[in-house]
Every structure is written in C-alpha cells, then in structure tokens.
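Whatever order the structure lists them in is the order used to number ligands and atoms, beginning at 1.
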Amino acid sequence: MAPPFRIMGIVNVTPDSFSDGGEWFERDAAIAHGRRMADEGAAILDVGGESTRPFSDPVPAGEELRRVVPVVEALADSAAQVSVDTMKVEVARAAIAAGATLVNDVTGFRHEPAMAALVAEHGCDCCLMHMLGEPRTMQVDPHYDDVVSDIKAFLEERAGFAVAQGIAEDKIMVDPGIGFGKTIEHNLELLDRLHEIVALGFTVVLGTSRKAFLGRLTGREDPHERVAATVATNVIGLERGATVFRVHDVAATADALTVTAATLRRHGP
Ligand code: HH2
C-alpha cells in the first residue's frame, strides 16, 4: 500500500531563514542535517538557498547556486528524493544536474515562466505554491474575496499552465502557501477548508512548520518551541486530505502522522 503521507524535510542553506537561519548555513552541517532527516523518515529533502520570509531581500543567483548545488549533490545518494526550493531557472537547472528531481517554486512559475519547460524537459516533479505578491510586500494588509476560493482558482490556473507547458498532471503538487501574504485568520481558514484545495485532484503540500501565526496563537516567540503547534496543523492537514508535509522537525511529525494515518485508515479508502 502506498504510504498515506510523505514528509518533506527542510534544508535551509541560508544565514537568515526565519526559524533556523544560520544553523545549517555551513555546507557539511546542511548535508548532515539532511541525512539525519532522511533517517528520521523524510521521503523528500527540500534544499533552499534563499529565505522567503516576510520582508526578505532576494539573493543573487550566483550566491544561491553556491549554497544549494553542493548540498543537493551530496544528498542525491540518500534514500530521499531531493527537491530544490528556488524561483530561479538557473538555480533549478544546476540543481537538477546535481540530482534534484523536484522543483519547489514558491511563485508557482510566475517569477520565471520558463521554469515550467525546464521541469517538463527533465520529467521532474514540481510544487506550485500560492503567494500574494512577493516576500518584501506580502504581509502588508493581505486581502482576498474568499481566501480558499481565490487560492484554489490561482492553483488551478497555475496547474493548467504547467500542463500546457508539457508537465504531466501526476507530477504536479499544489500548496496554498501558508504565511505567504495571509493573516492568522486566512491561515486558519485555509487549514480548516483544505479539503476544498484537495478537491482539485492534485497532491497537496502543506507548509506550516514553525510559522509566525503559530507563535502568535501560542505565545511562543522562539520558533523552535512551535513543534507541537506545527504537529497539530499537520494532523488536521492529513485528515483534510493533504499528503505532503514540509517540516523542520521530521521525527515528531512522522510519529504524529503515523498515528493519525492508522486511525483514519479504519474508515477505509
Ligand atoms: N515555506 C517556506 C519556504 N518554502 N515551500 C512550499 N512549497 N511551502 C511552504 O509553505 C514554504 C516553502 C518558508 O519556510 P522556511 O523555508 O522555513 O523559511 P525561509 O523562507 O525563511 O527560509
């Protein structure tokens, strides 16, 4: 039986990520961290060299390449699938050459539409995420008519673009982009109504890990203390039909989702 969920472990090779900036910036530390997460049950390792936290500044392609490619190359021989978290075609191309088979583009191929042709050409998987605007501006008074319907329509349009560019439907994952131009209320509504996004028919990725709205809800300022809050969102996400969970804390997530999946399985397929 296919596993009911996959965990995507986050490998941030950055000095400034919101929750673990600098912890894995050194190349060998990032590689060891990735291997540890694979041992803990990560089916996917998502390697990124540019923070997209609110108000962050872009990183030049040359620097992003220098951060990401050696880590992708080293992790390509692990049991996990290697994903590259980038919005730049140049970085994705080099990461694919180094062994990545999944492109996680937080702009849903809007930053560089040519990303779609690259993914199609190499038969890679892709994750298309929703973000309102760009990181520098996205948290300034985000507004939607209906947050779930608006994001569902966006993801459907982006997936249609990907298919038109030659990407097979079963290679496409969609992600509502928790925290990317959303208030706490928007994030909670997306989580609660996640089954509506699942109804699109694509694999749904959920990325809530340690995010600010969890800190606001629990009063936990240190992102490392948001693991239990993250786990709660992932349990809800699995129950609503998401199957890929992008997290910093793999072992805790694996335990919680194993128990959740075993319980849900009693209801049949
Ligand atoms: N969130 C972040 C980055 N990439 N990709 C997907 N598909 N979904 C997400 O929710 C998502 C993502 C932000 O988290 P993180 O990588 O921990 O932080 P930073 O962007 O500061 O490096």
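Using a 4.0 Å cut-off between charged nitrogen and carboxylate oxygen, Asp105 and Arg158 do not count as a salt-bridge pair. Salt-bridge check for Glu63 with Arg66: passed, with a basic side-chain N closer than 4.0 Å to an acidic carboxylate O. Using a cut-off of 4.0 Å between Lys/Arg side-chain N and Asp/Glu carboxylate O, Glu64 and Lys88 are scored as salt-bridged. Under the 4.0 Å criterion applied to side-chain N and carboxylate O atoms, Arg36 and Glu40 are not assigned as salt-bridge partners.
Remark: Arg216 fails to qualify as a cation-pi partner of Phe213 under the 6.0 Å distance and 45° angle criteria applied to the six-membered ring.
Among the atoms of Asp85, some N or O lies under 3.5 angstrom from an N or O of ligand 1. For ligand 1, the polar-atom distance check against His248 finds a nitrogen or oxygen pair separated by under 3.5 Å. At under 3.5 Å, a nitrogen or oxygen of Arg246, whether backbone or side chain, sits near a nitrogen or oxygen of ligand 1. Remark: ligand 1 and Gly207 share an N or O pair separated by less than 3.5 Å (distance only, no angle test). Looking at Phe180 next to ligand 1, no N or O pair under 3.5 Å apart turns up. At a 3.5 angstrom cut-off on N or O pairs, Ser17 counts as close to ligand 1.
Just one residue in the list Asp85, Thr253, Asn234 forms a side chain to side chain donor-acceptor pair (under 3.5 Å) with Arg246, and that residue is Asp85. Between Val47 and the choices Val13, Val69, Asn12, Asn104, the side-chain contact (heavy atoms from CB on, under 4.5 Å) rule is met once, by Val13.
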Discussion item. Between Met131 and Thr52, is the side chain to side chain contact (heavy atoms under 4.5 Å, CB included) condition met? List the steps.
Written reply: CA-CA 10 Å; Met131 168 165 47; Thr52 47; 5.7 Å; no

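Closest to atom 18 (O) of ligand 1, if we only count protein heavy atoms, is Phe18 CD2, 3.3 Å.
The distance from ligand 1 to the heavy atoms of Cys127 drops below 4.0 Å at these ligand atoms: 7 (N). Heavy-atom proximity to Asn104, at under 4.0 Å, picks out these atoms of ligand 1: 5 (N), 6 (C), 7 (N).
Looking at Arg53 against ligand 1, both its backbone and its side chain come within 4.0 Å, counting heavy atoms. Here Asp175 has side-chain heavy atoms under 4.0 Å from ligand 1, and that is the only part of it that gets that close. Counting heavy atoms closer than 4.0 Å to ligand 1, residue Lys211 contributes side-chain atoms (C-beta onward) but none from N, CA, C or O. Contacts between Ser51 and ligand 1 below 4.0 angstrom, taking non-hydrogen atoms only, involve backbone and side chain alike. Looking at Val106 against ligand 1, only its side chain comes within 4.0 Å, counting heavy atoms.
Ligand 1 has no atom lying under 4.0 Å from any heavy atom of Gly177.
With a 6.0 Å radius and a threshold of 12 heavy atoms from other residues, nucleotides or ligands, Gln165 has its CD atom above the threshold.
Glu23 and His224 form a side-chain donor-acceptor contact under 3.5 Å, judged by distance and modelled atom types alone.
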